[in-house]
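What follows is a short report on a single structure.
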Amino acid sequence: ESLAMTTRRTFLTSATTIGAGLAIGAPHAVADPGEITGQPTADLPPAIRALRPMTAGVVPISVAERQGRIERATRLMRERGIDALMLTGGTSMVYFMGIAWGISERLLAAFLPVRGRPFLVTPKFEEERAMEQVALGPMQGGADVYAWEEHEDPYALVAQALQARGLATATIACEETVRFQFSHGISRLAAVTVVDGTPVTAGCRMVKDAHEIALMR
């Protein structure tokens with residue numbers, strides 16, 4: 001029993017270490033099972049010795065690919081009479097913008113308009129962290145950032161950004177996981193209509209290209 005517990009503990013520790021390596025994208029994280037378990041490779045079970053890095057040869061989604069996704073989304077918006085797509089923290093924001101952001105009670109949102117530059121509305125104290133991610137994604141050098149202080153109304157900044165793009169009277173598509181408090185805040189803007197953004201987001205995300213299929217595999 002003691003040996004079984006030790007083996008189980010070693011395995012779980014190894015799996016956790018491997019998972020952490022994959023999460024941070026370390027190319028050498030599981031180079032040698034012996035390095036992970038701390039045991040000589042020859043002493044490991046055959047199934048463990050046969051393990052190979054599952055991330056070997058993986059090519060991340062590029063900025064150009066995300067830009068292509070934005071272009072497809074823009075085409076779908078034009079076809080449906082939508083003026084801008086609103087994204088908050090979640091998988092769609094990662095898919096289009098490369099920005100990974102958690103759920104918060106404060107509005108941080110990316111907007112993809114049918115014309116004009118994309119823009120980001122962010123709490124002022126989060127601006128630096130947000131810009132670090134913007135600099136790595138498809139909005140690098142091509143987005144405006146509107147930062148709001150705690151005493152300011154972030155939706156007034158959204159209205160300002162829309163007006164600057166000639167979209168004061170706009171139909172805004174909210175991505176399907178946008179929280180009600182945010183979609184409701186947008187809906188209170190004068191001359192703005194809020195609609196479901198699923199036809200745009202799903203219209204892009206449901207169709208996988210060869211690179212996406214390779215990553216899934």
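It should be emphasised that the depicted structure is a prediction, and the values quoted were computed from it without experimental measurement.
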Which value, rounded to the nearest 0.5 Å, describes the distance between [X] atom [atom1] and [Y] atom [atom2]?
| X | Y | atom1 | atom2 | answer |
| --- | --- | --- | --- | --- |
| Glu175 | Tyr95 | CD | OH | 12.0 Å |
| Leu162 | Leu189 | CG | CG | 7.5 Å |
| Arg115 | Met77 | CZ | CE | 12.0 Å |
| Thr171 | Asp83 | OG1 | CG | 5.0 Å |
| Leu87 | Leu108 | CG | CG | 10.5 Å |
| Phe119 | Leu157 | CZ | CG | 9.5 Å |

Counting only heavy atoms not in [X], do more than 12 fall under 6.0 Å of its [atom1]?
| X | atom1 | value |
| --- | --- | --- |
| Lys208 | NZ | yes |
| Ile103 | CD1 | no |
| Glu176 | CD | yes |
| Glu128 | CD | no |

In one Ile/Leu/Val/Met/Phe/Trp/Tyr side-chain cluster, 4.5 Å: [X], [Y]:
| X | Y | value |
| --- | --- | --- |
| Met93 | Leu107 | no |
| Leu44 | Leu51 | yes |
| Met97 | Met86 | no |
| Ile172 | Ile82 | no |
| Met139 | Ile61 | no |

Just do the side chain to side chain contact (heavy atoms under 4.5 Å, CB included) check on Leu167 and Phe111 with the steps written out, would you?
CA-CA 12 Å; Leu167 300 173; Phe111 290 82; over 6 Å; no
Where do [X] and [Y] come nearest, in terms of heavy atoms and distance?
| X | Y | value |
| --- | --- | --- |
| Ser104 | Phe182 | O-CZ, 3.3 Å |
| Val200 | Leu76 | O-CD1, 3.6 Å |
| Ala173 | Gly197 | CB-CA, 3.7 Å |
| Pro60 | Glu65 | O-OE1, 4.0 Å |
| Ser92 | Arg205 | OG-NH1, 3.0 Å |
| Thr88 | Ala109 | CG2-CB, 3.9 Å |

Under the side-chain hydrogen bond (donor to acceptor under 3.5 Å, both in side chains) rule, collect the residues that match up with Arg66, sequence neighbours excluded.
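Per chain and number, Arg66 pairs via side-chain hydrogen bond (donor to acceptor under 3.5 Å, both in side chains) with no residue.
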One pair to check against side chain to side chain contact (heavy atoms under 4.5 Å, CB included): Val58 and Leu215. What are the steps and the verdict?
CA-CA 7 Å; Val58 166; Leu215 288 173; 3.5 Å; yes
Would Arg129 and Glu132 count as a salt bridge (Lys or Arg N to Asp or Glu O under 4.0 Å) here? Give the steps.
CA-CA 5 Å; Arg129 183 163 71 98; Glu132 288 176 356; over 6 Å; no
If the test is side-chain contact (heavy atoms from CB on, under 4.5 Å), which one of Val195, Val194, Asp196 qualifies with Cys174?
Val194
Knowing that exactly one of Gln67, Arg69, Glu71 qualifies, which makes a side-chain contact (heavy atoms from CB on, under 4.5 Å) with Pro138?
Gln67
Side chain proximity check, Thr74 to Leu112, heavy atoms < 4.5 angstrom
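A side-chain contact under 4.5 Å is absent here.
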Kindly indicate whether the side chain of Ile99, heavy atoms from C-beta on, has any atom under 4.5 Å from the side chain of Val134.
yes
The test is side chain to side chain contact (heavy atoms under 4.5 Å, CB included); show your working for Leu120 and Gln133 and say whether it passes.
CA-CA 11 Å; Leu120 190 75; Gln133 296 199 54; over 6 Å; no
What residue pairs, at least two apart or across chains, pass side chain to side chain donor-acceptor pair (under 3.5 Å) with a residue in residues 147-161?
Arg106-Glu150
